[in-house]
Amino acid sequence: MLFSLLLMLLALPMAAQQLTPTAVSGRVIDNKGQVVPFASVVLRQLADSAVVQATQASETGRYQLLGVPAGRYRVQVSAVGYGKGRSGEFAVAAKAVVVPDVRLAVAAQVLDEVRVVGQKPLLEMTTGKLVVNVAGSLTAGATALEALEKVPGLLVLNNRIVLAGQEGVLIQIDGRTTQYTDVVSVLKDFPSSTIERIEVITQPGATRDAAGTAGIINIILKKNTDLGTNGTLTANAAYGRFAKAGVLLDLNHRAGALNVFGTASYNYRHTYEQLNTERLDTRTGIRYEQQSYQPRLTQAPTFRVGADYRLPHRQTLGVLLNAYLNRTQLNAQSSTRADNGVNVFTSNDTRRRTDSYAGNLNYKMLLDTLGRELTADVDYSRYTAGSLGLLANQVRVGDVSRQQTLRNDQQTRIGLASVKADYRQPLTATTNLLLGAKVSQADIRSQLELTGTDAGRADQFRYTESIGAAYVQAEGTQVGLTWQTGLRGEYTVAEGTAATSIRRSYGQLFPSLSVDKPLTKVLGANLAYSRRIGRPSYQDLNPNLVYLDPYTSQRGNPLLTPQFTGNYKLALTYQKQPFFILGYSRTRDAISLVTATEDSIIYSTSANLDNLRSYNATLNLPLTYRKLLTGYAGVTVFYNEYLSEYLGSTYRAGRTAATFYGQANVQLPQNIKLEASGYYQTAGINGLIRFRGFGALNLGLQKTLWQDRATLRLAVNDVLFSSKQRGTVRYQDLDVTFQSYGESRQARVSLSWKLGNQQLKAARKRTTGLEEERGRVKTDKE
């Protein structure tokens, strides 16, 4: 039905041009006839050269200026790496004007003489999202997970990403969620040197998937935009308790209508995690003290290759292929002491292997110069994950000891596919209509075999889920207001087979609204609302047991249901930077990590807590002193309140917490930069867990070498080794105290070298359709 509607819209008569009678549009090309993307376009009055409007050309070199009053004008165009250009004179009266192509000549200067005197601020507020420009940060860390610490109010608690005190964050990379397994595990190995910026979208519109109750975090990767053949080679090394190293090669070839690009990286990471717990079994009165030391060695090569080809009639066809190979060796040791005289020592030798492959086919067509646009995406990814663990338990009771052995073999195969189409239609000079549809399907098969001295079981889990979605969204600018409103509908059919069968089908509507209004020349306000859904991750539904030691395990919960959230936000901006934000959300059936006991065995799982109310306020302040000091400081204060029936009783808990964060950059002589950044999280509550305060201080230095072709960076993360997480769980029969930390304190050195031609020419940036589903795939429950 949607595609029939699209065909009808495509068949609209040329009278559609009359809907934008004051539109001025055109194209920017170079002296060889090739388009110049992302050029700056300024519309000036002919009489006095006063600026009337300004915009930026698209990736196809096309631009459009709406709402131009009658008069005589000229268009002035500029782009980095080119000389300036301008159009001839033209008049705007009652009809839309198409300006003849403006040609720009390639600048003749030697680029080694160019010096960038401006720098993007770390935080920017654009329409509907907060942009964190991490590319220039010296303390962004070696991995994407460490780079996410730059997002105000974002923390990683118990290997779960929390934003302003809330779980349910949807992680995307270049507009789509990573096709790998557990998102947190992927981000631990994903090199931060490939990241350009991070977009935080707390109130997504109807064009995006409804998933992500706490919002969407979109990691935008760097895209080589140079002419000819060029790239960047980066090598890094780090040391904490163990040594780490990595190398990244980014290449791009752009000639004529074809752009081919690729990235290859290899990361060698030797790290560890330490978990200490003390718990009281209130039914037996026995107290257990457990210490678990988990060193791991990970080797993770990644590959990314793609191509864009510009077809006739304003069409573009693109293909993108990704591969991720992960090999992890875990040699864990844990000890358990009980005050009834039982001592257990466990060694866990586990080998994990993940092979992941994904492909995307993308098509885009600009139907005219007035803004009509059609895009389509086809995505498919498939990977296999295997884990083989050999566990040995030495149990001693008094002077008597015995040996237990276990073999834990788990194999998982996952396939994800999606197809989507989007259409944009201008309605008036300042209003657009957007329509789209998407169909996605997931197929998961998991098998577990547990054999040993005192145990034997075999579990199989099969899960399929299909989601159909359609949306309509309108956006525009009138009477000083920039607004966006939309409605998205999603229908889900899910089936699972294990010890407990799963069968669900449900449809939901997800409205959204956002309004922006400038208050003064520097102040602005935004008011937004959206309804979101958080579907359980596939592995959270998988009831298969992950055995850690005789007294500790992890398991899924096939009875989990989706959570639904209503989000409200009011934001004030100063010079387009977020200044003050108020937020409120209410979540029904909130999915939370919980702890339970069974026959003196403690296990972690996920459960639905009936209601979660969250209030938050954020204040950001710039730090500037002449041209020597730039940066920001801020605080997010949030209050989370849980109310739920759980474990046969009413769980009601609430607590106010705050996250303080900041960054300062100092420009030193000899082209040296110094950066200090950090955060501190006060004590708070997350589900059943009450955690204590923790934080980190990071320091970094940067020096450019060899006429800016090379960049040397030195950094130390978590200088004070203060990011240790501690907390308690006390509810019903649960009485647990824990401390968890890893190799957060590291010294790191990296060297980047620019290869080839450094003339800038922006390449096409695109997203794909397999968005929500991949982020829910977790084959590793850590």
Side-chain angles (χ1 to χ4, degrees), residues 156-160 167 272-294 330 332-348 389 391-398 401 404 406 408 454-455 540 543 545-557 592-607 609 642 644-653 655 683-694 723-742 781-782:
V156 179
L157 289 172
N158 301 304
N159 278 324
R160 296 197 173 207
E167 294 186 35
Y272 78 94
E273 292 183 6
Q274 180 77 42
L275 175 62
N276 303 327
T277 62
E278 181 179 334
R279 66 184 178 92
L280 174 66
D281 189 334
T282 57
R283 291 169 297 183
T284 63
I286 301 175
R287 185 174 296 277
Y288 298 86
E289 293 183 4
Q290 297 173 275
Q291 294 184 342
S292 177
Y293 173 63
Q294 302 178 19
L330 173 69
Q333 297 177 347
S334 64
S335 62
T336 303
R337 295 182 179 182
D339 57 12
N340 63 350
V342 177
N343 295 319
V344 180
F345 178 80
T346 302
S347 63
N348 183 353
L391 296 91
N393 297 318
Q394 184 178 356
V395 183
R396 176 172 293 179
V397 181
S401 64
Q404 297 176 330
L406 286 173
N408 191 329
D454 301 319
D540 280 346
L545 179 70
V546 176
Y547 184 94
L548 301 180
D549 60 50
Y551 296 98
T552 312
S553 65
Q554 299 172 347
R555 65 185 68 175
N557 179 7
S592 299
L593 181 67
V594 297
T595 303
T597 58
E598 182 180 65
D599 298 330
S600 298
I601 298 175
I602 187 171
Y603 65 91
S604 61
T605 187
S606 294
L609 300 182
Y642 294 87
S644 177
E645 295 296 320
Y646 183 63
L647 296 180
S649 183
T650 299
Y651 175 66
R652 182 164 194 160
R655 189 166 186 176
I685 188 171
N686 181 251
L688 299 183
I689 300 173
R690 292 181 178 270
F691 57 86
R692 298 173 64 180
F694 61 96
S723 63
K724 301 176 181 179
Q725 297 183 14
R726 297 166 292 173
T728 59
V729 178
R730 292 191 172 94
Y731 176 70
Q732 294 291 82
D733 296 331
L734 299 173
D735 188 340
V736 182
T737 301
F738 72 88
Q739 181 186 49
S740 174
Y741 57 91
K781 288 190 179 181
E782 294 183 347

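Contacts of Arg692 classified as salt bridge (charged side-chain N to carboxylate O under 4.0 Å, His left out), with partners at least two apart in sequence or in another chain: none. Here Tyr651 pairs with Tyr731 under the ring-ring contact (aromatic ring centres under 6.0 Å, His included) rule; sequence neighbours left out. Scanning for salt bridge (charged side-chain N to carboxylate O under 4.0 Å, His left out) contacts around Arg396 gives an empty result, with sequence neighbours left out. The side chain to side chain donor-acceptor pair (under 3.5 Å) check on Asn408 picks up nothing, with sequence neighbours excluded. Applying the side chain to side chain donor-acceptor pair (under 3.5 Å) criterion to Ser604, with sequence neighbours excluded, gives no partner residue. Qualifying ring-ring contact (aromatic ring centres under 6.0 Å, His included) partners for Tyr603, counting only residues two or more places apart in sequence or in other chains: none. With sequence neighbours left out, the side chain to side chain donor-acceptor pair (under 3.5 Å) criterion links Gln732 to no other residue. Considering only residues two or more places apart in sequence or on other chains, Asp733 meets the salt bridge (charged side-chain N to carboxylate O under 4.0 Å, His left out) condition with none of them. Every residue two or more places apart in sequence or in another chain that forms a ring-ring contact (aromatic ring centres under 6.0 Å, His included) with Tyr293 is listed here: Tyr272. Take Tyr288 and apply the ring-ring contact (aromatic ring centres under 6.0 Å, His included) test, not counting sequence neighbours, and it matches Tyr551. Applying the side chain to side chain donor-acceptor pair (under 3.5 Å) rule to Asp735 yields the partners Arg730; only residues at least two apart in sequence or on another chain are considered. Partners of Glu278 under the salt bridge (charged side-chain N to carboxylate O under 4.0 Å, His left out) rule, at least two apart in sequence or in another chain, are Arg287.
Counting all heavy atoms, side chain and backbone alike, Asn343 lies closest to Ala338 at OD1-N, 4.3 Å. Between Tyr646 and Val594, the shortest heavy-atom distance links the atoms OH-CG2, 3.1 Å. The minimum heavy-atom distance between Lys724 and Tyr741, with the atom names listed, is CG-CB, 3.5 Å. For Val342 against Asn340, the heavy-atom pair with the smallest separation is N-OD1, 3.3 Å.
Annotation: the span from Arg652 atom CZ to Leu609 atom CG amounts to 14.0 Å, rounded to 0.5 Å. With values rounded to the nearest 0.5 angstrom, Asn276 atom CG is found 5.5 Å from Gln739 atom CD. In this structure, the separation between CG on Leu688 and CG on Leu647 is 7.5 Å, given to the nearest 0.5 Å. Note that CD of Glu289 is 10.5 Å distant from OG1 of Thr737, once rounded to the nearest 0.5 Å. Remark: Asn393 CG to Asn348 CG distance equals 9.5 Å, nearest 0.5 Å. In this structure, CZ on Arg337 lies 7.5 Å from CD on Gln291, to the nearest 0.5 angstrom.
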(message) With side-chain hydrogen bond (donor to acceptor under 3.5 Å, both in side chains) as the criterion, how do Gln294 and Ser292 come out once you've worked through the C-alpha distance, each side chain's angles and the decisive distance to 0.1 Å?
(response) CA-CA 6 Å; Gln294 302 178 19; Ser292 177; 3.2 Å; yes
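Between Arg279 and Phe738 there is no side-chain heavy-atom pair separated by less than 4.5 Å.
Here the side chain of Asn557 pairs a donor or acceptor atom with the backbone of Ser606 at under 3.5 angstrom.
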